[in-house]
Protein chains: 2
Amino acid sequence: MTDKNVLSDFRPNDHNHEACIAAALEIASAVCRERELRLTPLRRRVLELVWQQHMPVGAYDLLDALRGDGRRADPPTVYRALDFLVENGFVHRIESLNAYVGCGEPEHAHNGQFLICGNCSRVAEMEDPAISKLIREKANALGFRISQQTIEVTGLCGECRERAQT
Amino acid sequence: MTDKNVLSDFRPNDHNHEACIAAALEIASAVCRERELRLTPLRRRVLELVWQQHMPVGAYDLLDALRGDGRRADPPTVYRALDFLVENGFVHRIESLNAYVGCGEPEHAHNGQFLICGNCSRVAEMEDPAISKLIREKANALGFRISQQTIEVTGLCGECRERAQT
DNA sequence: TTAAATTATGTTATATTGTATTATTACTGT
DNA sequence: ACAGTAATAATACAATATAACATAATTTAA
């Protein structure tokens, strides 16, 4: 099993995260230019905040962070920015956590399949065609036409699993 | 493709729903007796209310219904009952809707895979081992040990799809 | 290059969903 | 009757999300 289809794996805590954030913003910037979307300062800032960690962030955490910037902010502000980011694929919403996480590959539209570590809270994103295809087929067999797949899996990431075996 | 692994398919609107509810309560009753769980009047009533339709119900709708019974009820009342029902597999929580739906087969533990019609809101439940297995394998390949799978799919059920092709 | 239209944001208020906590009641077995 | 456990009641609050309307910024197009 060499195919992995991993859009973003669990990141070691010591990776160069500044570069990581910068890259996400750079890509978003380019994609928006190409698609004629408006990555306004607010939206850009929210995206940056979402990328502060490789784990889901709640809307109200983002709100606090925006307020920390000195600017006034209220729920609609952050929810609107999130709507834009989610709608255009820069951020995914994790339904089972009511939280948001940066997308590992915003260039092409997809739903993503999420592995959520219950211990360290980090998230990995897969986009495995075999999984989506199988689900689509099974649904089709019932006459169901899929428009969106939500696949969120909880458990222990490799690192936490090893650490747990004391 | 004859294997379907469907725990509960989309029910036609004209099926005998009274029987349907009665059956669900009967099964829950039997399972509880067997496992020495206490299906108290409150829990039983909440389960019954969840089964009023084959579509997800919000906790606060249940709360209103309980109040409609004449009894006093507050959020913890319904959430505790739901916790019990979910924990013991009589009801599933649909994360993407913050809502609850009756389980089509509470006799054995499982996560369920849900098809949610965006038009009529009805839900079908599958429990397809091929799907869970594939996801488990892909996750394992990343060193991830799964404890729970959340699979919720939105789209159009067969009936609504036909109707849409005007 | 203004006016109109569109899009984005600000602002206030409120709706919805979910928990923590403490107290009380009702069963279970001795 | 009593201790131990499970269930429920009751209050308060935390967390998440949207409605509705006002203003500002940006784009379009005359």
Side-chain angles (χ1 to χ4, degrees), chain A residues 28-29 32-50 55-88 90-101 116 121 150 152, chain B residues 28-29 32-33 35-50 55-88 90-101 121 150 152:
Chain A
S29 192
C32 283
R33 203 156 39 238
E34 187 180 337
R35 297 191 201 148
E36 300 193 333
L37 296 172
R38 292 161 62 182
L39 188 63
T40 63
L42 175 63
R43 292 167 173 175
R44 185 186 170 85
R45 178 62 177 142
V46 171
L47 180 59
E48 185 179 17
L49 289 169
V50 168
M55 57 180 75
V57 202
Y60 279 70
D61 292 334
L62 295 171
L63 197 49
D64 288 346
L66 284 178
R67 285 169 173 158
D69 289 352
R71 81 186 304 154
R72 158 158 191 174
D74 292 287
T77 306
V78 75
Y79 279 104
R80 275 192 291 240
L82 285 171
D83 285 349
F84 170 86
L85 295 171
V86 168
E87 182 146 338
N88 296 293
F90 301 115
V91 157
H92 291 289
R93 175 178 162 86
I94 307 294
E95 297 291 347
S96 56
L97 299 175
N98 293 334
Y100 303 80
V101 70
I116 306 161
S121 298
T150 299
E152 299 171 6
Chain B
S29 194
C32 283
R33 204 157 38 238
R35 295 190 202 149
E36 300 192 333
L37 297 171
R38 294 162 63 181
L39 189 63
T40 63
L42 174 64
R43 291 166 173 177
R44 186 187 170 85
R45 178 61 178 141
V46 171
L47 179 59
E48 185 179 16
L49 289 169
V50 168
M55 56 180 75
V57 203
Y60 280 69
D61 292 335
L62 296 170
L63 197 49
D64 288 344
L66 285 178
R67 285 169 173 159
D69 288 351
R71 79 149 68 221
R72 158 153 195 177
D74 293 287
T77 306
V78 75
Y79 279 106
R80 271 190 295 247
L82 285 170
D83 285 349
F84 170 86
L85 295 171
V86 168
E87 183 145 338
N88 296 291
F90 301 115
V91 157
H92 291 289
R93 176 179 163 85
I94 307 294
E95 298 291 346
S96 56
L97 298 174
N98 293 335
Y100 303 81
V101 70
S121 299
T150 299
E152 299 171 6

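Proteins come first, then strands; the chains are lettered A, B, ... in the order of their sequence lines, and each starts at number 1.
The separation between B/Arg71 atom CZ and D/dA7 atom P is 15 Å, rounded to whole Å. A/Leu82 places its CG atom 15 Å from the P atom of C/dA8, with the value rounded to the nearest Å. Straight-line distance from the CG atom of B/Asp61 to the C1' atom of C/dG18: 15 Å, rounded to whole Å. Atom-to-atom, OH of A/Tyr60 to P of C/dG18 comes out at 15 Å; the value is rounded to the nearest Å. Atom CG of B/Leu39 is separated from atom P of D/dA6 by 17 Å (rounded to the nearest Å). What separates CD of A/Glu36 from P of D/dT26 is a distance of 17 Å, to the nearest Å. What separates CZ of B/Arg45 from C1' of D/dA7 is a distance of 19 Å, to the nearest Å. Following rounding to the nearest Å, B/Leu85 (CG) and D/dA7 (C1') show an atom-to-atom distance of 13 Å.
An OP1 or OP2 oxygen of D/dA9 is reached within less than 4.0 angstrom by no side-chain nitrogen or oxygen of B/Arg72. A sub-4.0 Å separation between OP1 or OP2 of C/dT9 and a side-chain N or O of A/Thr40 is present. Here B/Arg44 does not reach the OP1 or OP2 of D/dA7: none of its side-chain N or O atoms lies under 4.0 Å away. Between B/Arg93 and C/dG18, a side-chain N or O to OP1/OP2 separation shorter than 4.0 Å is present. OP1 or OP2 of C/dG18 lies within a sub-4.0 Å distance of a side-chain N or O belonging to B/Asn98.
To the nearest 0.5 Å, the span separating CG on A/Leu42 from CZ on A/Phe84 amounts to 10.5 Å.
Annotation: of the two residues near DNA chain D, B/Arg43 and B/Asp74, the 5′-most nearest-nucleotide partner is B/Arg43. Sequence order on DNA chain D of the closest nucleotides to A/Tyr100 and B/Leu42 puts B/Leu42 first from the 5' end. The residue among B/Leu97 and A/Thr77 whose nearest nucleotide of DNA chain C is located toward the 5' end is A/Thr77.
Using a 4.5 Å cut-off on side-chain heavy atoms (C-beta onward), A/Ile116 and A/Leu97 make contact. Contact annotation: the side chain of A/Asp74 approaches that of A/Arg67 to within less than 4.5 Å [non-hydrogen atoms, C-beta and beyond]. You'll find the side chain of B/Leu82 reaches within 4.5 Å of the side chain of B/Leu62, heavy atoms only.
Taking only distance into account, the side chain of A/Arg38 never meets the base of D/dA25 through a donor-acceptor pair shorter than 3.5 Å. Put simply, the side chain of B/Tyr79 and the base of C/dA20 share no donor and acceptor less than 3.5 Å apart.
Among the atoms of the strands shown, base atoms are found under 4.0 Å from some heavy atom of A/Arg80.
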Kindly indicate, with the supporting measurements, whether the criterion side-chain hydrogen bond (donor to acceptor under 3.5 Å, both in side chains) is fulfilled by A/Ser96 and A/Glu152.
CA-CA 7 Å; A/Ser96 56; A/Glu152 299 171 6; 2.6 Å; yes

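Nearest nucleotide to the side chain of A/Pro76, out of D/dT11, C/dT9, C/dT12: C/dT12.
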